[in-house]
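Encoded as structure tokens, the structure appears first; notes follow it.
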Amino acid sequence: MLPQFNMASYHFNSIEKNWQKFWAEHQTFKADNNSELPKYYVLDMFPYPSGAGLHVGHPLGYIASDIVSRYKRHKGFNVLHPMGYDSFGLPAEQYAIQTGQHPAITTEENIKRYRQQLDNIGFSFDWSREVRTTDAQYYHWTQWIFIQLFNAWYNKVSDKAEPISDLIKKFETEGNSNVNAVCDETIVFSANDWDAFSEKEQQAILLNYRLAYLSDTMVNWCPELGTVLANDEVKDGVSERGGYPVERKLMSQWSLRIAAYAERLLQGLDTLDWTESIKEAQRNWIGKSEGTSLTFSLASPLNPLHGRGEPSDVWMVEEEELWYATSDKSKYRLIKDFALENRRNATKEEVIIWEALRNNQIENVKFRRQHIIDKFIADFVSFEYKLVIEIDGLIHSLEDNIISDEARTLVLNELGFNVIRFTNEEVNSNLDGVLGKIKSYISSAVPSTPSPAEKGMGDEAKKRHGESIEVFTTRPDTIFGVSFLTLAPEHELVAQITTDACKVAVENYITISKNRSERDRMADVKTISGEFTGAYAVHPFTKALIPIWIGDYVLAGYGTGAVMAVPAHDSRDYAFAKHFNLPIPQVVEGGDINVESYDAKEGLLINSDFLNGLEVKAAIKKAIEKIETEGLGKGKTNYRLRNAIFGRQRYWGEPIPVYYKEGVPYVVEEKDLPIALPEVDKFLPTETGEPPLARAQNWNYNGHAFETTTMPGWAGSSWYYLRYMDPNNANEMVSAAAVNYWQNIDLYVGGSEHAVGHLLYARFWCKFLKDIGTVPFEEPFKKLVNQGMIQGTICTTYIYTYQNGLNERLKCAISSDLHSQIKAGNSEGVFKLMTEQIGSSFTDCQYVNEVNVPFEFFAAAAFEDFEGLKKWLNSTGNSVTHLIVGTDSKFQVKMETGKMSKRWHNVVNPDDICTQYGADTLRMYEMFLGPLQDAKPWSTQGIEGVHRFLKKAWRLFHNTANEDFVLSNEPATKAELKTLHKTIKKATEDIESFSFNTSVSAFMVCVNELQDLKCNKREILEPFLILLSPYAPHICEELWHLCGHTESIEKAKWPVFNPEFLVENEFNYPISFNGKVRFNLNFALDMEPAAVEQAVLADEQTIKYLEGKTPKKIIVVKGRIVNVVI
RNA sequence: GCCCAGAUGGUGGAAUCGGUAGACACGCAGGACUUAAAAUCCUGUGGCUUCACGGCUGUGCGGGUUCAAGUCCCGCUCUGGGUACCA
């Protein structure tokens, strides 16, 4: 650098270092927890300190939030603007596995680098409040929250989380029948039962209620990473980090019952000042759908629960228990060659009686219909009272013939049953008499104790035993359009209902769909597959037989894992029906179902019995009513949101504060927190496949084994905003005083990639913490602004190879620096960079071994020297024999914009920009690039302009001749004041609306105008410095002190806009003819439209444009425009 | 497929209420200062047309509403993001 003869020129490097030091020493940005000032909390999403360091994309949001923070301080707010590190995470651990270095060391180094980079940009963070999720003093409270979740259950009645101790009290006094909780399926028990349970049994039951619970769940298992991943950590069937394949696996895992909060998480969105797209993303993720459940009874004979592979007539069961368990209210018609129509349609009289008997309506007695007793099927039976009711004397024998009533009665009597018979006529004409007879029998008889098999089962159990199939639908109006049912291949009923004839095909299908990985299934959405089970269900209204299929388009995990297929009005059902040639009955008018399904929720119902002629909306309502009154199902709301899996089989995370006693999980006592992450010899799973923590020596809780999984990455980041309020509190997570003062976050700035993960989990924890009284608010982030990604340039080469007859495209990125190495012919540099790169970018490519000499390959590619490459490949005898390159036999080197990352070698370090142009230029340039929310590719085009602007601003304060600092105390002119106040207005409005790019423009305009006015007056320039200081704090602080101030500019009051200076008394009206502006005329602003009209008409230019015609109309908009209509 | 956002000069973008489209900057061209360079300053810069004054045209495409449309309405096309057999 040249020696600096003139001390007054703009030496940004030294200026910036000086003021950064000054701010640090004076703790200029320290926020006070005890202030009379109104508070303002501005938060950035804290970074994960990766080894790559910050790139120019990271500071974008930080700069914006820093501008707001500094602005709010000028406006007289007590501003909390902290920063910290989300320092647990996979990359540090992966690095540790490779190098053996402890992740804490790498993390510490990375944090140091991040801090240095952040300091270089001159952020106004209050560093005294820094938090790190990896600090034991921090994760102490992450573990504490886990304990609170473990000790809580969700009460649906109060709609909040409550202490588990209250629940235990309830169990002790009244059992669980009156408890309305969000929980897993569990048995119904009384207070006495609870008392009789062992400790182990009690704990197992409680685990079904706890908000943090252990259960066997299907998880996303990533073998490469050796851990499970949350749904939002999996993209397109591969891990978001690293891009490794992910498979489904059943594992015992810690989970959090976030689904309990689904409705509150959904409702809360309406109260937030977030972009619609992020709210929409969360709504989609929560996935509320309202509809109804609906039960279809099974029509075909059930295979017995046991005895698969027995002779096919095994269903003529001799074992009462067996068929008992599988019958109940289904229309269980054990008829071989019995007339089909009899099977389909219950007689009218049977329906009448059943309507009166079902659901314990009479004397609270449970009746079952169409039940096998011995060799017979009874119309209705109560086991409790050993009572058989027959209508019209018909009992169907299994021998396919009818024997006399007497004979049947005899047999039934022998079995201990009493038989009452009614004729159809009696039912029709004297139902009351019929029911009275039944009642009087019951009241005189003595109930027997049912056998275990006869004992009523809970609804869940019934479903399991397959008397009926429950589906969930949002379109109950289309019930008459159902032409088949589809079950997920994993549906528990499949094995039971599949007929012998279909067994082989169904089992094959299940095997195939099981083995298809998630990834394959996704890649292959278009392929329609399924299999007929051979079984039929009965349509609840028409009583028609409906074939039951299985298909993998139905998901086991959603709804009931079964759908009623309405092909005419659901595109997936339509595709399935077309493929398997199933009927497609239309029930809603509209569309052309020969071409495609008509999914729209509008039109009139047709072919739908009691729904005919109704609009879809009305039909849905009526259908639900009918379904509910008939007891076939009820209105129901489903959420897509799944409970969050909380355990990771990794080392570098918070230990879960749980220990096991006789296999039962208990949380540690709060006084024993934090449970520190133990030392291990290796950061790998044990030989037996246990997580790395299992390697820890002498690591136990009073002799009991600790849980060995750790918390996921999102645990620490779900509450960090609270710790900033009170970062050094050793006794509490956050003091009530601190959280009551700071409240929730006024402005949260971060990337939209966290739309569902972090933002949803943090909201969930906040709601929970509110339920337990730790925080006073329901939503943590009032306003959210998403900064767009700053993208880098990715050079990509496409290579096409023939392997095993497949034409596959390999993709490898060439970074810009690699590209320049190639261009420069520096083969050594090329090889080095390529070696680094091939490893990462080829991991997900199965033909990697075929391209075994990639360096020259790529070098040639960049030169598009196809012939040369081919020659070279032949000379090496390379296995890539058939090479198709591009579409026109050329290598393609394509420039794309994409994520800035180490992987693509396109990271731009902000430090370099700071050295070259200064932090103030970097800050202003990043703001000037465009709207904060937009994604934009990084380019330094234009950075000169911003730098030039700062130099111009500097010169306003300096004599151009000798570069001395000069400031005039003369009063400002009207023109100068107008420029200043225009800028005050614009700068203020733009910060409030986050339009930082336009306010940079406004500063440029201001400086340009002041330069033209040769203004160097204190009255103008000092307020201007305050306006500019949030954007370019260093240069403004320097000039502020040169102006003679001794205190930081940060303490200065924001200038007040005075509209008087902008008042104009004249306006240069554009005069347009038929909307086309031709010339301008100056008129006083207070001139009335009529007068303006006269003046315009009198103008000679107007006369010229009128061409002798009379104007039809003249529109004068005061202070805007004049339009003459000819 | 569905949901959301967007499309304006050679480039990034502005026009926040329906009222002069292209602010501000980059780039480019020309010029001044300088032995030269850097730095700085001045002029021009959507397209077509004209010596010029000017004229025509112009905000992804096709319609419409209006005195007036980048802006509002209807129908498309394309791009980016989210999501994906969610019944």
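Letters A, B, ... are given to chains in the order of the sequence lines, protein chains preceding strands, and every chain is numbered from 1. All heavy atoms count here, side chains included; hydrogens, waters and symmetry mates do not.
Remark: A/Arg1078 is in phosphate contact with B/G55, judged by side-chain N or O atoms under 4.0 Å from OP1 or OP2. The shortest distance between the side-chain N/O atoms of A/Ser289 and the OP1/OP2 oxygens of B/A87 is below 4.0 Å. Contact annotation: A/Tyr553 does not reach the phosphate of B/A87 (side-chain N/O to OP1 or OP2, under 4.0 Å). Distances shorter than 4.0 Å separate some side-chain N or O of A/Lys1076 from OP1 or OP2 on B/U57. Contact check, A/Arg475 against B/C86: no side-chain N or O comes under 4.0 Å of OP1 or OP2. Phosphate contact (OP1/OP2 of B/U40, side-chain N/O of A/Lys951, threshold under 4.0 Å): present. An OP1 or OP2 oxygen of B/A84 is reached within less than 4.0 angstrom by no side-chain nitrogen or oxygen of A/Arg572.
Here A/Tyr1105 lies in heavy-atom contact (under 4.0 Å) with sugar-phosphate atoms only. Backbone-only engagement by A/Arg948 is indicated by non-hydrogen atom pairs under 4.0 Å involving sugar-phosphate atoms exclusively. Residue contacts shown for A/Lys1118 are absent, as no nucleic acid heavy atom lies under 4.0 Å away.
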Heteroatom pairs (N/O) under 3.5 angstrom, protein to nucleotides 11-13 of chain B:
from, atom 1, to, atom 2, distance (Å)
B/G12, O2', A/Leu929, O, 2.6
B/G13, O3', A/Asn997, ND2, 3.4

Report each atom pair, protein N/O against N/O of nucleotides 64-69 of chain B, whose distance is under 3.5 angstrom.
from, atom 1, to, atom 2, distance (Å)
B/C67, O2', A/Asn1123, ND2, 3.0
B/C67, O2, A/Asn1123, ND2, 2.8

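Spacing of P atoms, B/C48 relative to B/G9, comes out at 15 Å, to the nearest Å.
A heavy atom lying under 4.0 Å from RNA chain B marks the following residues of residues 1005-1013 of chain A, by number: A/Val1005, A/Asn1008, A/Gln1011.
Salt bridge annotation for A/Asp599-A/Arg572: absent, with no cationic side-chain nitrogen under 4.0 angstrom from a carboxylate oxygen.
In this structure, B/G9 shows a glycosidic angle within 90 degrees of zero, which is the syn conformation. Look at B/C76: its glycosidic torsion is beyond 90° from 0, and that puts it in the anti range.
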